[in-house]
Undergrad: 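Just passing along the structure, written as structure tokens.
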2 protein chains.
Amino acid sequence: MEAAAEVLARKGFAGSRLSDIAEVAEVQAPAIYYYFQSRESLIEAVVMEGTRNATIHVEQVLAELSDADPVTRLLAAIEGHLRVALQGSSFTLASIRNSGQLPEDIRARQHNEEVKYGRIWRELVNEVAAAGLLREELNPAAAQMLIIGAMNWAPEWWGPKVAPLEDVIATAKALVAGGLLNAEKGQR
Amino acid sequence: MEAAAEVLARKGFAGSRLSDIAEVAEVQAPAIYYYFQSRESLIEAVVMEGTRNATIHVEQVLAELSDADPVTRLLAAIEGHLRVALQGSSFTLASIRNSGQLPEDIRARQHNEEVKYGRIWRELVNEVAAAGLLREELNPAAAQMLIIGAMNWAPEWWGPKVAPLEDVIATAKALVAGGLLNAEKGQR
DNA sequence: CTTCTATTCTAAGCACGAGTAGAAACCGGC
DNA sequence: GCCGGTTTCTACTCGTGCTTAGAATAGAAG
């Protein structure tokens, strides 16, 4: 599964050859069928594991901050998500990069896990809103997804050479907290 | 090419069968070879067109605001990018969704176009910074990519039912301008 | 040393998708 | 109505990737 995750994260669902996976795992392709019924069931397992990974990791971070203020919790979740996506398991990376390109049947089951994960974020946003800290110009659902999107896209461009991971995390937090701009807000 | 863009946006590079494209275009697969030398060259053409589309569109928006203040320009660019990605050509959608999964040779050429597009955004961020409006906590490069990422990920979740396009645009602008939070900033 | 189970292998089958060859159809100009 | 070029078609080849069959290997237990 680790091998599959790696290949899947790199080449995507349709681009991942069973033989590539086998090579990474240092076995012959048919050996895979001892553990999985089919290519698809292997991939499904990997992708599921990936989102569950992210869910568990972020939940854990939040559990440690169960009585912190909503903003702190939200920013901690951002840090958690970014760490998993950029440094953590290639399982999560595989989920992120393939969520859009899975066949219908897998996608349906995978969607449940994603909804579960999404709930965590909705909850966070709700907490912030309940504390009266959410700006009213924002559509909460859109804001949530834009934030998750900013993080999910990060694997596409991030590398240690572009910017230190800590910088990315700090920037993401700052962006969410206070936006790009300084004093005057030049909205329209 | 339009058919190819549509299929490509939906199924990704490796998942796009020439026969699918032909079907959408209402021809038989070999007819494609009258216009393109190979599957890859077709896809390359589509993906190129896609990023050029986005570039041109955003450049045009900015040209109309050539003497506006930097913030207005940046926010207009955000609106432009989102409109192209969510409503506009499936060409751009195809580029966005496949940038990560193209074979090396295409990717190299495609990368140039992307760099060109990225320059526009760097320029915008620089303008903002030059006006002294950029918060210093931010790593500009990371901030730029996070913002682009938020928008590029939008096609993964957005649909007219989730939120009106105008809401998404407004939310994205507001997020970039002033972040999620209201009065107190609960950073750490 | 033998036997049983777990695991992996080699060899082959089968389907499918890219690409080619060459024939047909279409169409504007004569 | 015929001719030229353009465009698309049908029929085929060839490689590749998933999957199955059945044999081989590796240990553990007796």
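What you are looking at is a predicted structure, and each value in this text was computed from that prediction instead of being measured. Below, chains carry the letters A, B, ... as their sequence lines are ordered, and counting in each starts from 1. These numbers come from the heavy atoms of this one structure, side chains and all, not from hydrogens, waters or symmetry mates.
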Undergrad: Are A:Tyr35 and C:dT8 close enough that a side-chain N or O sits under 4.0 Å from OP1 or OP2?
TA: yes

Undergrad: Give the rounded distance in Å between these two atoms: CD of A:Glu40 and P of D:dT19.
TA: 8 Å

Undergrad: Establish whether B:Leu62 and B:Val84 are linked, either directly or via other cluster members, by ILVMFWY side-chain heavy-atom contacts under 4.5 Å.
TA: no

Undergrad: Expressed in angstrom and rounded to an integer, what is the separation of A:Leu42 atom CG from D:dG17 atom P?
TA: 16 Å

Undergrad: Do B:Arg97 and B:Phe13 meet the cation-pi criteria used here (NZ or CZ under 6.0 Å from the six-membered ring centre, within 45° of the axis)?
TA: no

Undergrad: Which nucleotide sits closest to the side chain of B:Arg17: D:dT10, C:dG17, C:dG19?
TA: C:dG17

Undergrad: So do the side chains of A:Arg83 and A:Leu165 get within less than 4.5 Å of each other, counting heavy atoms only?
TA: yes

Undergrad: Once you round it to whole Å, what is the distance between P of C:dA18 and CD of B:Gln37?
TA: 16 Å

Undergrad: Nearest whole Å is fine: how far is C:dG19 P from B:Arg39 CZ?
TA: 8 Å

Undergrad: Taking OP1 and OP2 of C:dT8, is either one under 4.0 Å from a side-chain nitrogen or oxygen of A:Tyr34?
TA: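 For A:Tyr34, the contact criterion (side-chain N or O under 4.0 Å from OP1 or OP2 of C:dT8) is not met.
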
Undergrad: Quick check: A:His57 with A:Tyr117 (ring centres under 6.0 Å apart)?
TA: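 Distance test on ring centres: not under 6.0 Å, no.
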
Undergrad: Which of the following nucleotides, D:dT19, C:dT8, D:dC9, is nearest to the side chain of B:Gln28?
TA: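 For B:Gln28, the side-chain atoms sit closest to D:dC9.
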
Undergrad: Tell me the interatomic distance from B:Tyr33, atom OH, to C:dA23, atom P, rounded to whole angstroms.
TA: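 Computing the B:Tyr33:OH to C:dA23:P distance gives 21 Å.
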
Undergrad: Given atom CZ of B:Phe36 and atom C1' of C:dG19, what is their separation to the nearest angstrom?
TA: 16 Å

Undergrad: Nearest to the B:Leu18 side chain among C:dA18, D:dC9, D:dT19, which nucleotide is it?
TA: C:dA18

